[in-house]
Protein chains: 2
Amino acid sequence: MEARVAGQSTSRQATAEQANRRRVTLTRESILEAALRLCSPEGGGQLTFSRLGKELGADPTAVYRHFRDKDELVLALTDLVIQEGIELARQTLPDGPSDDWRAFLAVTARSVRTSHLARPALAVLAAARTTASPAETHSVEQLISVLHRAGLPVVEAAECYRALLDMTLAMTQYTAAFSILDRQAQEQDEAAWAVKYGMLPEDEFPLLHRSAPRLTELFRDDDTVFALVLDTFLDGVAVRIERARKA
Amino acid sequence: MEARVAGQSTSRQATAEQANRRRVTLTRESILEAALRLCSPEGGGQLTFSRLGKELGADPTAVYRHFRDKDELVLALTDLVIQEGIELARQTLPDGPSDDWRAFLAVTARSVRTSHLARPALAVLAAARTTASPAETHSVEQLISVLHRAGLPVVEAAECYRALLDMTLAMTQYTAAFSILDRQAQEQDEAAWAVKYGMLPEDEFPLLHRSAPRLTELFRDDDTVFALVLDTFLDGVAVRIERARKA
DNA sequence: AGGCGCTGTCAATGGCATTGACAGGCACGT
DNA sequence: ACGTGCCTGTCAATGCCATTGACAGCGCCT
């Protein structure tokens, strides 16, 4: 019995062995779920096929039966995250179509950011891709509608939407990329900055010297910086709305 | 003669062989130069040790004698690009300290963006790192000074600088990441969008339907979108300056 | 009962960063 | 002149990664 050809002996004994390592049945959904888990900071914060295989209790390459390549997987995941972001915004916003354009835009942007930051690893991977998810279409229509009702011409409202969303995604991904870094690199950066701001000769850089404390606070406090950018951007939108009303 | 121990036979024949593959002498500068070349779209747009080795005519691992790891190399490269950006801004701006804060900010942001976009591969790699390059200190002081003279309190001016720069870097890196993608992925994305915007039922999404042409134009025309964001942001800064003056 | 396709497994490939052992050469001191 | 030792390039090997092709079980349809 032991004399069987070693490589092929997967018929008898295998049945017993496979009692443990049962051939798991994967579905598109179970894979996406596991992948999402891996992308969160608690899940290790890295999405690779081997980790995914382990998480699923299956061979890493089994995933290829459901997604042509990693890119397709990432695209599908991004779609989920976008839906989640929209959902989050919906919950935060009042039901009826509000006329407070500023709140609407701010909540939308922050929701998108929040849902992406829950999976930094995915945010980094998804960086460049756009999904054109049907889920968001309705939200976009609403967003443009709010701006239009506020006084902006339709096309300008659309431009505003595009600008807001791209800015938000870009800054979010920027934050995500940093949060993925290992402690060492993060601390290295921080140390470099501290030194830089600490050693500014007051006579040569008077203003920088005075703002050093604040800038140090702001160092990689990306959420605050994002809030700053968003606020300023929205002030700019207000100006545009004013201009449009007068014209 | 042929009976020599194969692995060790590098003494005689090697002298002849090495006439071709002369032991190249690397310097920090020659490496940085070559790496920068590789990062540009013409240079292949990908920075790896093996490509770098080939570019230098040396063994890939020779680079480790000059940079501890890839991260350190990227940091050094980023420094160069930042300097280049500052230089570019200096050339574009009038010499004396101008009082046109808006032009100053716009030119600075665009210069940073331009110099980074000349090496998309590097922009992507550098994503998360900050260099605290001494080269930029003077520029920052000037930037804050311009805003301060315009009427902003020092700390708020510093916040503004931080916001503007982070926004610019984030959006630039976002663009760079897309430009790195292979044609297939880019076209795939574009097709998805075209379909999406082409098939919008007018009765359900009236506004989106009307703005579809503009949104299609804007699709991944990242430079225009950046211009939009920057403009709106600067409008917002103007508001803040007004507010500060009145107070 | 037979066949076919769906899906998991396994082994292999090629690219990547990184490491440790080795070796040539140059500068220094004697 | 002659060693000694560091600086720096080379080579082979490691380990992680995505991806592929050959194989095999299982269920469904006929």
Side-chain angles (χ1 to χ4, degrees), chain A residues 4-31 34-35 38 44-75 121 124-125 180-182 184-185, chain B residues 5-31 34-35 38 44-75 121 124-125 180 182 184-185:
Chain A
R4 294 181 74 96
V5 180
Q8 306 276 8
S9 66
T10 20
S11 46
R12 281 300 133 84
Q13 294 189 342
T15 325
E17 273 183 23
Q18 285 184 352
N20 312 351
R21 311 183 186 180
R22 257 261 168 276
R23 195 182 160 104
V24 191
T25 309
L26 303 180
T27 64
R28 202 183 152 83
E29 283 68 38
S30 69
I31 294 175
L38 284 184
Q46 267 213 348
L47 181 63
T48 75
F49 278 88
S50 63
R51 288 165 105 94
L52 188 49
K54 223 173 287 170
E55 182 79 14
L56 290 162
D59 190 280
T61 61
V63 177
Y64 283 95
R65 297 287 175 209
H66 301 267
F67 299 91
R68 194 156 33 81
D69 54 15
K70 192 172 181 178
D71 216 59
E72 202 180 295
L73 175 60
V74 167
L75 247 34
V124 172
L125 253 15
I180 291 291
L181 256 52
D182 45 22
Q184 201 199 330
Chain B
V5 180
Q8 306 278 9
S9 66
T10 21
S11 46
R12 282 300 134 82
Q13 294 189 343
T15 324
E17 272 183 23
Q18 284 183 352
N20 311 350
R21 311 184 186 179
R22 257 257 168 278
R23 192 182 161 104
V24 192
T25 308
L26 304 179
T27 65
R28 203 182 151 83
E29 284 67 38
S30 69
I31 294 175
L38 286 183
Q46 266 213 347
L47 182 63
T48 76
F49 279 89
S50 63
R51 288 165 105 96
L52 188 49
K54 222 173 287 170
E55 182 79 15
L56 290 163
D59 190 280
T61 61
V63 178
Y64 282 95
R65 296 289 174 206
H66 301 266
F67 298 91
R68 193 156 33 81
D69 53 16
K70 192 173 181 176
D71 217 60
E72 202 179 294
L73 175 60
V74 168
L75 246 36
V124 172
L125 253 15
I180 290 292
D182 46 20
Q184 200 198 331

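Labels below follow one simple rule: chain letters A, B, ... track the order of the sequence lines, proteins then strands, and each chain is numbered from 1.
The CG atom of A:L73 sits 15 Å away from the P atom of D:dC17 (whole-angstrom rounding). Note: CG (A:D69) to P (C:dG14) measures 20 Å, nearest angstrom. Distance B:R51 CZ to C:dA17 C1': 15 Å, rounded to the nearest Å. In this structure, B:L56 atom CG and D:dT8 atom P are separated by 15 Å, rounded to whole Å. Rounded to whole angstrom, the span from the NZ atom of A:K70 across to the C1' atom of D:dT20 amounts to 17 Å. Straight-line distance from the CG atom of B:D59 to the C1' atom of D:dA13: 13 Å, rounded to whole Å. Atom CG in A:L52 sits roughly 12 Å away from atom P in C:dT9 (whole-Å rounding). In this entry the distance linking CD1 of B:I31 with C1' of D:dT8 reads 10 Å, nearest Å.
Among the atoms of the strands shown, base atoms are found under 4.0 Å from some heavy atom of B:A62.
For the atom pair CG (A:L47) and CD (A:E55), the distance works out to 10.5 Å, reported to the nearest 0.5 Å. Taking CZ of A:R68 as the start and CG of A:L73 as the end, the distance is 12.0 Å to the nearest 0.5 Å.
Between B:T61 and D:dT10 there is no side-chain N or O to OP1 or OP2 distance below 4.0 Å. The phosphate of D:dG9 has OP1 or OP2 within less than 4.0 Å of a side-chain N or O from B:H66. A close approach under 4.0 Å does not occur between any side-chain nitrogen or oxygen of B:T25 and OP1 or OP2 of D:dG9.
Taking A:T27 as the reference, A:S30 meet the side-chain hydrogen bond (donor to acceptor under 3.5 Å, both in side chains) condition, with sequence neighbours excluded.
Using a 4.5 Å heavy-atom cutoff, the side chains of A:L26 and A:H66 are in contact.
Side-chain proximity of B:R65 to D:dA18, D:dT10, C:dC16: nearest is D:dT10.
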